[in-house]
Participant: 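Here's a structure for you.
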Amino acid sequence: MLPAQARLRRRPEFSAVVRSGRRAGRPTMVLHYLSERPGQPAGDLASPAAARAGFVVGKSVGNSVVRHRVTRRLRAVVRDELVRLPVGADLVVRARPEAADADSAALRRDLASGLDRLLGDRVRTR
């Protein structure tokens, strides 16, 4: 599970990332990335500045059992990769219907390649 300060929770937060951020499509997911939060100055140390992630798994993915399974897998995969995001960044992971049949390794591969594209990493760092 992601800590509370590492999660997007409200609709305006999701909307800001999807509307203003960069996008990378992968076979099982679409990643929306916003490097700085709107309304938060870059040097503001008073507010939490940890990178945050949010998940969108719609009904096109499957029934509620399938959607919850996909969400749990995505959460576990993102938890391992969240350290790659800079401080103050937000990430929204939108699952595609193909994510329902994908295993965790495929989700991990797609997330890593999408983050490489969004962050401009030519060499994957760990």
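Start at 1 with the first residue, then count along the sequence.
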Participant: To the nearest 0.5 angstrom, please state how far the CG atom of Leu118 sits from the OG atom of Ser35.
Facilitator: 10.5 Å
Participant: Just how far is it from atom CZ of Arg117 to atom CG of Leu31, taken to the nearest 0.5 Å?
Facilitator: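 Spacing of CZ (Arg117) from CG (Leu31) equals 9.5 Å.
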Participant: Honestly curious: do Val17 and Val30 fall in one hydrophobic cluster under the side-chain, below-4.5 Å linking rule?
Facilitator: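 No, it is not one cluster - the side chains of Val17 and Val30 are not joined through contacts under 4.5 Å.
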Participant: Can any side-chain N or O of Arg73 pair as donor or acceptor with the backbone N or O of Ala102 at less than 3.5 Å?
Facilitator: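 Looks like yes, one N/O pair under 3.5 Å.
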Participant: Which pair of non-hydrogen atoms, one from Thr28 and one from Ala99, has the smallest distance, and what is that distance?
Facilitator: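 Nearest pair, atom of Thr28 first, then Ala99: O-CB, 3.5 Å.
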Participant: If you look at every heavy atom in Phe14 and Phe55, which pair is closest and at what distance?
Facilitator: CE2-N, 3.7 Å
Participant: Applying side-chain hydrogen bond (donor to acceptor under 3.5 Å, both in side chains), can you list everything that pairs with Ser113, at least two apart in sequence or on another chain?
Facilitator: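 Scan of Ser113 (side-chain hydrogen bond (donor to acceptor under 3.5 Å, both in side chains), adjacent residues dropped) gives Arg26.
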Participant: Val66 and Leu74: same hydrophobic cluster, using ILVMFWY side-chain contacts below 4.5 Å?
Facilitator: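 Yes, Val66 connects to Leu74 through the hydrophobic network.
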Participant: Less than 4.5 Å apart, any side-chain heavy atom of Arg96 and any of Val70?
Facilitator: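 Not in contact.
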Participant: Nearest 0.5 Å, please: how far is CD in Glu13 from CZ in Arg11?
Facilitator: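 Going from CZ on Arg11 over to CD on Glu13, the span is 12.5 Å.
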Participant: Output every pair passing side-chain hydrogen bond (donor to acceptor under 3.5 Å, both in side chains) with a member in residues 57-68, not counting sequence neighbours, ordered by first then second residue.
Facilitator: none
Participant: Once you round to the nearest 0.5 Å, how far does CZ of Arg69 lie from OG of Ser104?
Facilitator: 10.0 Å
Participant: Measure the CG-OH distance between Leu119 and Tyr33 for me, rounded to the nearest 0.5 Å.
Facilitator: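 Answer for the CG-OH pair, Leu119 versus Tyr33, is 5.0 Å.
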Participant: Stepwise, does the side chain to side chain contact (heavy atoms under 4.5 Å, CB included) test hold for Leu115 with Leu91?
Facilitator: CA-CA 10 Å; Leu115 284 177; Leu91 178 72; 4.2 Å; yes
Participant: Just do the side chain to side chain contact (heavy atoms under 4.5 Å, CB included) check on Arg109 and Val77 with the steps written out, would you?
Facilitator: CA-CA 9 Å; Arg109 247 188 337 267; Val77 169; over 6 Å; no
Participant: Please assess Leu34 against His32 for the test side chain to side chain contact (heavy atoms under 4.5 Å, CB included), listing each intermediate value before the final yes or no.
Facilitator: CA-CA 7 Å; Leu34 187 61; His32 298 273; over 6 Å; no
Participant: Provide the closest heavy-atom pair for Ala51 versus Leu82 in the form atom of the first, atom of the second, distance.
Facilitator: O-CD2, 3.9 Å
Participant: More than 12 foreign heavy atoms under 6.0 Å from CZ of Arg23: is that the case here?
Facilitator: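 No, because the 6.0 Å sphere around CZ of Arg23 holds 12 heavy atoms or fewer from other groups.
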Participant: What heavy-atom pair brings Arg9 and Ala4 nearest, and what distance separates the two atoms?
Facilitator: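 Closest pair (atom of Arg9, atom of Ala4, distance): NH2-CB, 3.3 Å.
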